[in-house]
Amino acid sequence: EITGRVQRKLAYNVTAVVRIFGNNVTTATVQATLWVHTPDRGEQYIGIGKVQATDKDWVQLQGKFLLNGSPSRVIIYLEGPPPGTDILVNALSVKHAEKIPPLPPPIIENPDYGVNIITNSQLSDGTNGWFPLGNCNLSAASGSPKILPPMARDSLGVHEPLSGRYILVKNRTQTWMGPAQMITDKLKLFLTYQVSAWVRIGSGASGPQNVNVALGVDNQWVNGGQAEIKDGRWHEIGGSFRIEKQPSKLMVYVQGPAAGVDLMVAGLQIFPVDRVARFKHLARQTDKTRKRDVILQFSGSESSSLFGTSVTVMQTQNSFPIGSCINRTNIENEDFVDFFVKNFNWAVFENELKWYWTEPQRGNFNYKDADDMLALCQNNKIETRGHCIFWEVQSTVQQWIQALNKIDLMKAVQNRLTGLLTRYKGKFRHYDVNNEMLHGSFYKDRLGKDIRTYMFKTANQLDPSATLFVNDYHVEDGRDTRSYPEKYIEQIIDLQLQGAPVGGIGIQGHIDNPVGPIVCSALDKLGVLGLPIWFTELDVSSLNEHIRGEDLEVMIREAFAHPAVEGVMLWGFWELFMSRDNAHLVDAEGEINEAGKRLLALKHEWLSHAHGRIDIQGQFEFRGFHGTYVVEVETELNKVSRTFVVDMGDSPLVVSIDL
């Protein structure tokens, strides 16, 4: 028991040295957990850290925790191995976490942006530089596209055409067999590399085939991009990767189709991307997408003498939604709440609206957490997204629902819809109706395909004011053939044809080493549907805060510049309250890191200011971002200030200001 020995809002490191013994168990997970009891909220369990322990050696378990509220009791305990197996503890310490200085920004000399690190990519020298992975056969052939794949073209700009030659891979007896190259000496750490190639498969495949550009980083598989191929056409593969620790060997290879299916690869390029050059392009695009010409027309008793009067225009808030997810314990921490309400205008609840949270056991409801969080948002004029009514992935569905027969499951679905949407009618601007339908099919498998349309239609009847979203992951990064844009489009159109009122497209955005043109390509494809697109769960991860900030900047700039995107939600920002490690923008005790500073700098950049004098027509003109403004006019007699709003529109906005 450590009640009274730990303070709220301080981070603590936990270290334990553990081993297991007995019951014929040789290896098991041992984890440190915190049991916390608070008078108004009952008990909570907080996972601190875990380790794979054995019956042979002592191992070290490490973790970190922070208490937001003021608990009446705090107990730390170790758990995990099966009953009958002992946990041996050699040491356990809980200490206030020392601040670790952040890593410096990486220094990259001669980055050679846009230069392909693949040898003999154009096959002008046969297959020299390439070797077969496994006992397949490589040969060079002609007849592949001479144009660059579109995503590479967007990064590289004007570029010499491809040669039209390709590698033909025959006699493949395993899916992993294909052409390979060693690139250990050519790669630079911390650079983000874009991967691009044309790929095609031979005849004889039964069903769709996955083709993958892969990297073997000291025998670890790294995904460089994937494509699903159902026909005999050439397909573009686009992906990205970054290496942050020096490997002893690094191999690139192309793999994927079933054994016996020939593989063709043309124009494989791996090149570092110039993010700063991309940012300049996005700034020009942003000016067209997010700004408007404004004419301030002044009038009043002294209007005849206004000519030459000094005018200052300051934007106080950009109206573009940038929000974050929060959870119930966060709102007990005043420092968290202060940062949240100052820097975000939208919120989504991490778990507290999910069915497994609001009805963990049948008929046992918990809406109090969501009510408390909603009250905080309403008091601070923060809009909210409802996440999520259902979740299609079976592992997220609570056991009592999985145990229901078809009739009772249908009743439970109806009760969930009625209970949630009646209680919160008009409170949530958006709902993610059935989360991750490209990756799961729990309800569809048990209740039939029409259940998805039923969920959308019923939600719309119960709360017509809410925009209803689909929501899924790996849509924007070229890494997952289950959820690439074309499949998402197909799913949305299918729902719409059945009458489902799909009102928005959610791209979660749990992404690594993003490349602008790849993300933008996905947005362009989805934008054809004419529905608003939101990044709903954005997070990026890197041990180096500078790289993390750069990744975040890539994503937010791409979103802000794209006309189809109408909002961005971060999946948290505070250390120890993120679903991914090394993704936070603010450390556990409230210090803003380099990634957080990037976000604040972007928000500052997207506020418009103007200064000048009223012209002979009694007007002052400027071009500014959409949002709320204050104008100050200094006449000879006094200083007058007025607020006005610049909303979206194509024609210049005329704002009448009566002094």
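Throughout, residue positions are numbered sequentially from 1 according to the sequence presented.
Between Lys444 and Asp450, no side-chain nitrogen of the basic residue sits less than 4.0 Å from a carboxylate oxygen of the acidic one, so the salt-bridge criterion is not met. Remark: Arg548 does not engage Glu545 in a salt bridge, criterion side-chain N to carboxylate O under 4.0 Å. Under the 4.0 Å criterion applied to side-chain N and carboxylate O atoms, Arg623 and Asp293 are assigned as salt-bridge partners. Contact check on Arg452 versus Asp494 returns no salt bridge, with no Lys/Arg side-chain nitrogen under 4.0 Å from an Asp/Glu carboxylate oxygen. At a threshold of 4.0 Å, the pair Arg5-Glu1 does not count as salt-bridged, since none of the basic side-chain nitrogens sits closer than that to a carboxylate oxygen. With respect to the salt-bridge test (charged N to carboxylate O, under 4.0 angstrom), the residues Glu553 and Arg278 do not qualify. In this structure, Glu575 pairs ionically with Lys64, as a charged nitrogen and a carboxylate oxygen lie closer than 4.0 Å. With respect to the salt-bridge test (charged N to carboxylate O, under 4.0 angstrom), the residues Arg580 and Asp512 qualify. Of the charged side-chain nitrogens involved, at least one lies within less than 4.0 Å of a carboxylate oxygen, so that Asp647 and Arg292 count as a salt-bridged pair. Salt-bridge annotation for Glu352 and Lys368: absent, with no side-chain N of the basic residue lying under 4.0 Å from a carboxylate O of the acidic one. Salt-bridge annotation for Lys525 and Glu486: present, with a side-chain N of the basic residue lying under 4.0 Å from a carboxylate O of the acidic one. Ionic pairing of Arg482 and Glu228 is not present here: no N-O contact between side-chain nitrogen and carboxylate oxygen is shorter than 4.0 angstrom.
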>> Go through it in stages, so that I can follow the logic: the residues are Trp534 and Val568, the test is side chain to side chain contact (heavy atoms under 4.5 Å, CB included), and I'd like the CA-CA distance, side-chain angles, deciding distance and then a yes or no.
In response: CA-CA 6 Å; Trp534 281 59; Val568 174; over 6 Å; no
> Would Val655 and Tyr629 count as a side chain to side chain contact (heavy atoms under 4.5 Å, CB included) if you check the C-alpha gap in whole Å, the side-chain angles of each, and the deciding distance to 0.1 Å?
Replying inline: CA-CA 11 Å; Val655 181; Tyr629 286 81; over 6 Å; no
>> With ring-ring contact (aromatic ring centres under 6.0 Å, His included) as the criterion, how do Phe428 and Tyr431 come out once you've worked through the C-alpha distance, each side chain's angles and the decisive distance to 0.1 Å?
In response: CA-CA 7 Å; Phe428 290 100; Tyr431 278 105; 5.7 Å; yes
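Ring geometry for Phe625 versus Phe560: interplanar angle of 30 to 60°, hence tilted. A parallel orientation is assigned to the rings of Phe365 and Tyr367, their planes being inclined by less than 30° (bins at 30° and 60°). Ring geometry for Phe340 against Phe573 counts as parallel: the plane angle stays under 30°, on a 0 to 90° scale with 60° as the upper cut.
In this structure the side chain of Ile46 never reaches within 4.5 angstrom of the side chain of Thr33, judged on heavy atoms.
A side-chain hydrogen bond (donor to acceptor under 3.5 Å, both in side chains) with His430 is found for exactly one of His387, Glu383, Arg385, namely Arg385.
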